[in-house]
Amino acid sequence: YDCALDFRRVGQGLGHTGAVLHVDFSADGRVLRSSCTACELLYWEVPSGRQLGRSSQLRDLAWASHTVVFDWGLSGVWP
């Protein structure tokens with residue numbers, strides 16, 4: 001595939017203070033979560049890129065992948 005020809009940006013999420021390392025989509029594709037070098041876990045509406053502020057409301061959401069290192073399921077693992 002050719003990134004320039006086969007893909008286009010539909011949204012942009014601004015908010016991390018560190019470089020983004022991990023990205024996951026929800027199973028239904030409506031939410032994206034990302035973690036960064038500043039230990040932030042942020043949630044985004046797809047495709048608008050609007051940041052979702054209440055992460056506690058998303059803790060039971062099914063995810064298509066699990067690459068972020070900070071997650072509700074990992075609560076208690078990190079000091």
Peer 1: Test your reading of the model: is there a side-chain donor-acceptor pair from Asp24 to the backbone of Val68, 3.5 Å cut-off?
Peer 2: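 Yes; judged by distance alone, with no hydrogens or angles, the pair exists.
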Peer 1: Mind checking what makes side chain to side chain contact (heavy atoms under 4.5 Å, CB included) contact with Ala19, not counting sequence neighbours?
Peer 2: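 For Ala19 the side chain to side chain contact (heavy atoms under 4.5 Å, CB included) partners, ignoring immediate neighbours, are Thr37.
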Peer 1: Identify the heavy atoms of Arg30 and Asp28 that sit nearest to each other, and give their distance.
Peer 2: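 For Arg30 versus Asp28, the nearest heavy atoms are N-OD1, 3.0 Å.
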Peer 1: With a 4.5 Å limit on heavy-atom distance, are the side chains of Gln51 and Leu42 in contact?
Peer 2: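 Yes; the side chains approach each other to less than 4.5 Å.
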Peer 1: Stepwise, does the side-chain contact (heavy atoms from CB on, under 4.5 Å) test hold for Glu45 with Leu52?
Peer 2: CA-CA 7 Å; Glu45 183 180 69; Leu52 302 173; 4.1 Å; yes
Peer 1: Which residues pass the side chain to side chain contact (heavy atoms under 4.5 Å, CB included) test with Leu61, not counting sequence neighbours?
Peer 2: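 Leu61 satisfies side chain to side chain contact (heavy atoms under 4.5 Å, CB included) with Ser26, Val31, Leu58, Trp63 once adjacent residues are dropped.
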Peer 1: When you measure from the side chain of Glu40 to the backbone of Thr17, do you find a donor-acceptor pair of N or O atoms at a distance under 3.5 Å?
Peer 2: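 Between the backbone of Thr17 and the side chain of Glu40 there is a qualifying donor-acceptor contact (under 3.5 Å).
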Peer 1: What heavy-atom pair brings Gly18 and Ala38 nearest, and what distance separates the two atoms?
Peer 2: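 Here Gly18 and Ala38 meet closest at N-CB, 4.0 Å.
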Peer 1: Look at the side-chain heavy atoms of Ile, Leu, Val, Met, Phe, Trp and Tyr, link any pair under 4.5 Å apart, and say whether Tyr43 and Leu32 land in one connected group.
Peer 2: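 No, separate clusters.
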Peer 1: Please find the pair of heavy atoms, one from Val23 and one from Ser34, that lie closest to each other, and give the distance.
Peer 2: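 Between these two residues, the closest heavy atoms are CG2-CB, 4.2 Å.
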Peer 1: If a pair satisfies ring pair (Phe, Tyr, Trp, His ring centres under 6.0 Å) and one of its residues is in residues 7-34, list it, with sequence neighbours excluded.
Peer 2: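 For residues 7-34: Tyr1-Phe7.
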Peer 1: Output yes when a side-chain donor or acceptor of Ser65 lies under 3.5 Å from a complementary backbone atom of Thr67, and no otherwise.
Peer 2: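 No, the answer is negative, given that no donor and acceptor are paired below the 3.5 Å cut-off.
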